[in-house]
Enquirer: 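Please read through the structure below; I'll follow up with questions.
Since the model is a prediction, treat every value here as computed from it, not as a measurement. In the text below, chain A, chain B and the rest are named by the order of the sequence lines, each starting its count at 1.
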Amino acid sequence: MSDPVVILSERLLEAMRAALGDALPPDADPLLAPSRNPEFGDFQANAAMGLAKRLGEKPRDLAQRIVDNLRIHDIAEEPTIAGPGFINIRLKPSALSAALGAMSDASLGVESIGGARTAVVDVCGVNLAKQMHVGHLRASVIGDALARIYERLGWKVFRQNHFGDWGLPIAMVTDAVKRGAERGEINLDNITLNDLERMYRRAQAECAADTRGLEAVRKYGLGPKAEAELEAQVQGAQEQMERSKAALIALQRGDPEFVSVWEKLCEVTLGACFDICRRLHTRITDASTAGESTYRDELAGVVEDLLARGVAEVSEGAVVVRLDEFGIKEPCLIRKRDGGFLYATTDMAAVRRRVQQLGGDRLIYAVDARQSLHFKQVFAAATKAGYARTKSGDNAELLHAAFGTVLGEDNRPFKTRSGDNVKLSDLLDEAVSRAEAAVAEKNPDLSADERRTVAEAVGISAIKYADLSSDRIKDYVFSFDRMLAFEGNTGPYLLYALVRVKSILRKAQDELGICVSEAVGFSVNEAQEKALALELLKYAGMVRSAGDACEPHRLCGYLYSLATAFSSFFENCPVLRAPDEATRDGRLRLAALTGRVLEDGLTTLGLVPLERM
RNA sequence: GACCCGGUAGCUCAGUUGGAUAGAGCAGCGGACUUCUAAUCCGCAGGUCGGUGGUUCGAGUCCACCCCGGGUUGCCA
């Protein structure tokens, strides 16, 4: 409540009203912002310039009239006017200390909406029989961070792992595994995800008929032997494809022999997925997983419903939803000419379930930016169909939190030398082992046990932070060296800043018997103390802004500047060796609050805070 | 072709609703450890914000056109 931004904004608005009376436009805003440069003060109000233009006055005169009517002497020094009409305000130390005291409760100033709204966040999106790779890293890490941010703001949150467990390719691999097991080549009881991935690829290759090759051989007369080989290949592929289609039908019918194999494949894939999600400290579990298969019985109904209501129409044999009224030229295809459904059909059903069953007011999709047209279409089509209508009758907000591609050092999509996707588990292992080497070097006193714990936290946090800290829409270059560096805007740097805070608090308690006391004021006299204090006050606003924009990197950037403000304070303002007791206790309080904000912020991003490292 | 996203220091990136002298880190140069964790801090140097025009008191930010890179584009997901 005693957030100075709120108080100053109110007082400024009162002053503007007093200065302008009826001439004040109803939407007038004091435009209060933290000053960029400390020499201008702590806060600046930029309203005078814009208002003056609208009212035909001189901006500096108007600024003066606002200042003449401004009553803030209880919390601030005498305001000054600078440049074309900036109003610069410097808080009194007592007010700054009081503001910090007010945000020191459990909320840290972040107001909770108490579950009044529901967010559904699409995360992870693994596929059956496939290893997780860097694409899933982003969908999991960014999605989970957004979910945590919304939870921190008091929303009710559902994570939804849209598991790719249905369709013809899935039937292909199911059929291949089933036959392998029947021939005794595969033991279903100890099959691994690696095995599945291998079989998936082989099954796909076997179904791909080389008809072009055959045509070429015939056209250029490359010989009866080559022609015979290719004919055999094409025929074999066609047979495989027929078998796969039959397998899909068997699965759709619920044939127990196929279903039991398919269930095993789901179990193996998801088991590996949840292991990684747990290791990544993301809260993605079985409960947050809804496979595409769970929509299978809804798809025909969706298409029929839309056709019946004239939302969809038949075009060139396919069923489409036209979206011209949304400014989208490409129609959304929801049924193929052969009667099959598409991923847009499933996504439409998913919007309906997320809004109408889960109660989502805001749906957020942490998904690759290359799918942006797809989501534009699905969102428009779902809205047109009424599937996005909430119980209160409003349309839910449908947001694509699109992210860019992870690149290798060569600026091309991150792949192995042979062009395969890099396994996420391998990446995590390498980050942790590099972190462990660094920990062993920097802090040899840690026990082997603690070293492993610290390395795990540092390695995982480093990878996650690298993914979260730049604007999500942009591609970024994956570099162990950079993400594990201890200087700059990195996960380890933030963890280290928190460790230093914890170390002070530990020493204060264990060696000097001092606890942080609510009775003393915060010490905000030195430049570094004041800079840190002003930074702390921004926390709640940054969490809100990161949530509103679905941009975790805003919170990252904030935590980094908080950590640098603390580091500067740490170097220049000794806490336990402060010149007097009041300063010491006031600095201790500042350190303690910094620690709480850092820890809360790191947790809100899904990073792993540490006591020591 | 159309549409979407990028382009800011040598490199990797921030830049809030249009605000004061465009900020960090790395790399480079120079300092600070008998000290609360130096995994750090302090200083110096480094810029045609892709280009041109426009809007205005003020543009990296908004508008128009253009250049470069990436992506998407009716029956894969």
Enquirer: Which letter, B, S or -, goes with each nucleotide of nucleotides 6-12 of chain B from 5' to 3', with contact meaning a protein heavy atom under 4.0 Å?
Expert: SS----S
Enquirer: Tell me: CG of A:D445 to P of B:rA39, nearest whole Å?
Expert: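 Interatomic distance, CG of A:D445 to P of B:rA39: 12 Å.
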Enquirer: Verify side-chain hydrogen bond (donor to acceptor under 3.5 Å, both in side chains) between A:Y493 and A:S567, making sure each step is shown before the conclusion.
Expert: CA-CA 10 Å; A:Y493 179 84; A:S567 293; 3.1 Å; yes
Enquirer: Would a distance-only check, ignoring hydrogens and angles, find a side-chain to backbone donor-acceptor pair under 3.5 Å from A:R138 to A:G404?
Expert: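 Confirmed, A:R138 side chain pairs with A:G404 backbone.
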Enquirer: Quick check against the 3.5 Å criterion: does A:N37 have a side-chain atom that pairs as donor or acceptor with the backbone of A:F40?
Expert: no
Enquirer: B:rG70 phosphate, OP1 or OP2: any side-chain N/O from A:R412 under 4.0 angstrom?
Expert: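 No, outside the criterion.
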Enquirer: Answer syn or anti for B:rC49, where the cut-off is 90° from 0 on the glycosidic torsion.
Expert: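 You should classify B:rC49 as anti.
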Enquirer: For B:rU16 and B:rU12, measure between their C1' atoms and round to the nearest Å.
Expert: 22 Å
Enquirer: For A:R577, which contact category applies under a 4.0 Å heavy-atom criterion: base, sugar-phosphate, or nothing?
Expert: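 Result for A:R577 = sugar-phosphate.
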Enquirer: Check every strand shown and say whether A:C556 touches a base, only sugar-phosphate, or nothing at a heavy-atom separation below 4.0 Å.
Expert: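 No contact at all - A:C556 keeps every heavy atom at 4.0 Å or more from the nucleic acid.
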Enquirer: Residues in ring pair (Phe, Tyr, Trp, His ring centres under 6.0 Å) with A:F478, at least two apart?
Expert: A:F414, A:F480
Enquirer: Measure CD1/A:I81 against P/B:rC57 and give the value in whole Å, please.
Expert: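 Taking CD1 of A:I81 and P of B:rC57, I get 20 Å after rounding.
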Enquirer: Backbone N or O of A:G83 within a donor-acceptor pair of the A:R60 side chain at under 3.5 Å?
Expert: yes
Enquirer: Check whether any side-chain N or O of A:S461 sits under 3.5 Å from a backbone N or O of A:V458 as a donor-acceptor pair, and report yes or no.
Expert: no
Enquirer: With a 4.0 Å cut-off on heavy atoms, is A:L495 in touch with a base, just the backbone sugar-phosphate, or nothing at all?
Expert: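 Contact class for A:L495: none.
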Enquirer: Across the strands shown, which category fits A:F570 at heavy-atom distances under 4.0 angstrom: base, sugar-phosphate, nothing?
Expert: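 Base contact.
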Enquirer: Hey, does the side chain of A:Y539 reach the backbone of A:L559 with a donor-acceptor pair shorter than 3.5 angstrom?
Expert: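 Here the side-chain-to-backbone pair does not exist.
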Enquirer: Which whole-number value in Å describes the distance from A:R472 CZ to B:rG71 P?
Expert: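 A:R472 atom CZ is separated from B:rG71 atom P by 20 Å.
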Enquirer: With P as the reference atom in both, quote the distance from B:rG30 to B:rU35 in angstrom, rounded to an integer.
Expert: 25 Å
Enquirer: Using a 3.5 Å distance criterion without hydrogens, assess whether the side chain of A:S9 forms a donor-acceptor pair with backbone atoms of A:V6.
Expert: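 No, the answer is negative, given that no donor and acceptor are paired below the 3.5 Å cut-off.
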Enquirer: Using a heavy-atom cut-off of under 4.0 Å over every strand shown, decide if A:D548 touches base, sugar-phosphate, or nothing.
Expert: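 It contacts nothing in the nucleic acid.
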Enquirer: Under the 3.5 angstrom rule, does the side chain of A:S293 hit a backbone N or O of A:W166 as a donor-acceptor pair?
Expert: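 Not a single qualifying donor-acceptor pair exists.
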Enquirer: Quote, to the nearest angstrom, the C1' distance that separates B:rA45 from B:rG54.
Expert: 36 Å
Enquirer: Starting at the 5' end of RNA chain B and moving along, which residue's nearest nucleotide shows up first, A:D475 or A:P34?
Expert: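 Checking each residue's closest nucleotide, the 5'-ward one belongs to A:D475.
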Enquirer: Say you draw a straight line from CG of A:D29 to CG of A:L51; how long is it, rounded to the nearest 0.5 Å?
Expert: 9.5 Å
Enquirer: Using distance alone, with no hydrogens and no angle criterion, decide if A:Q528 and A:S568 have a side-chain donor and acceptor under 3.5 Å apart.
Expert: no
Enquirer: In whole angstroms, how far is the P atom of B:rA2 from the CG atom of A:D324?
Expert: 18 Å
Enquirer: In sequence, state the C-alpha distance, the side-chain angles, and the governing distance for A:H400 and A:F379, and then conclude on ring pair (Phe, Tyr, Trp, His ring centres under 6.0 Å).
Expert: CA-CA 9 Å; A:H400 179 199; A:F379 293 167; 7.2 Å; no
Enquirer: Where the side chain of A:D122 meets the backbone of A:A366, is there a donor-acceptor pair that is under 3.5 Å apart?
Expert: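 Judged by distance alone, no pair lies under 3.5 Å.
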Enquirer: Would you confirm whether A:T269, through its side chain, and A:A129, through its main-chain N or O, come within 3.5 Å as a donor-acceptor pair?
Expert: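 Checked: pair present.
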Enquirer: What string of B, S and - do you get for nucleotides 72-77 of chain B, 5' to 3', when a contact is any protein heavy atom under 4.0 Å?
Expert: SSBBSB
Enquirer: Hey, is A:Y560 stacking on B:rA24? Ring centres under 5.5 Å, planes under 30°.
Expert: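 Given the distance and angle limits, no, they do not stack.
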Enquirer: Is it the case that A:Y465 and A:N489 place a side-chain donor and acceptor less than 3.5 Å from each other?
Expert: yes
Enquirer: Check whether any side-chain nitrogen or oxygen of A:Y496 sits under 4.0 Å from OP1 or OP2 of B:rA38, and answer yes or no.
Expert: yes
Enquirer: Checking all strands, does A:P84 fall into the base, sugar-phosphate, or nothing category for heavy-atom contacts under 4.0 angstrom?
Expert: base
Enquirer: Mind checking if A:P59 touches a base, just sugar-phosphate, or nothing, with heavy atoms under 4.0 Å?
Expert: nothing
Enquirer: Can you tell me how far C1' in B:rU72 sits from the matching atom in B:rA77, rounded to whole Å?
Expert: 14 Å
Enquirer: Roughly how far apart, to the nearest Å, are B:rG58 and B:rU21 at atom P?
Expert: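 My reading of the P atoms in B:rG58 and B:rU21 gives 13 Å.
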Enquirer: Whole angstroms only, please: what is the CZ-C1' distance between A:F375 and B:rC4?
Expert: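 Distance check: A:F375 CZ to B:rC4 C1' gives 15 Å.
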Enquirer: Tell me the interatomic distance from A:K376, atom NZ, to B:rC3, atom C1', rounded to whole angstroms.
Expert: 7 Å
Enquirer: Test of understanding: with side chain to side chain donor-acceptor pair (under 3.5 Å), list the residues that count as partners of A:R65, not counting sequence neighbours.
Expert: A:E57
Enquirer: Scan A:K507 against the nucleic acid and name what it touches under 4.0 Å (heavy atoms): base, sugar-phosphate only, or nothing.
Expert: sugar-phosphate
Enquirer: Please report the distance, rounded to the nearest Å, between CE in A:M483 and P in B:rC13.
Expert: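 Roughly 12 Å, once rounded to whole Å.
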Enquirer: Could you tell me whether the side chain of A:R587 and the main chain of A:S523 form a donor-acceptor pair under 3.5 Å?
Expert: no
Enquirer: When you compare B:rC62 with B:rC26, how far apart are their C1' atoms, in angstrom units rounded to a whole number?
Expert: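 Going atom to atom, C1' in each nucleotide, I get 33 Å.
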Enquirer: Start at the 5' end of RNA chain B and walk down; is the nucleotide closest to A:R506 or to A:K329 reached first?
Expert: A:K329
Enquirer: What is the per-nucleotide protein-contact pattern of nucleotides 28-34 of chain B, from the 5' end, where B denotes a base atom under 4.0 Å from a protein heavy atom, S denotes such proximity for sugar-phosphate atoms only, and - denotes neither?
Expert: -------
Enquirer: Determine the contact category for A:A402: base if any of its heavy atoms lies under 4.0 Å from a base atom, sugar-phosphate if only primed atoms, P, OP1 or OP2 are that close, otherwise nothing.
Expert: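 It contacts nothing in the nucleic acid.
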Enquirer: With P as the reference atom in both, quote the distance from B:rC36 to B:rG18 in angstrom, rounded to an integer.
Expert: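 Per the computed distance, 48 Å lies between those P atoms.
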Enquirer: Go through RNA chain B and write down every stem, that is, every run of at least three consecutive Watson-Crick or G-U wobble pairs with distances under 3.5 Å, as range with range.
Expert: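 The stems are B:1-7 with B:67-73, B:10-13 with B:23-26, B:28-32 with B:40-44, B:50-54 with B:62-66.
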Enquirer: Checking all strands, does A:E39 fall into the base, sugar-phosphate, or nothing category for heavy-atom contacts under 4.0 angstrom?
Expert: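 Touches a base.
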Enquirer: When the C1' atoms of B:rC44 and B:rU48 are compared, how many Å lie between them, rounded to an integer?
Expert: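 Going atom to atom, C1' in each nucleotide, I get 24 Å.
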Enquirer: OP1, OP2 of B:rC26 versus side-chain N and O of A:Y493: anything below 4.0 Å?
Expert: no
Enquirer: Without decimals, in angstroms, what is the distance between A:F569 CZ and B:rC42 P?
Expert: 14 Å
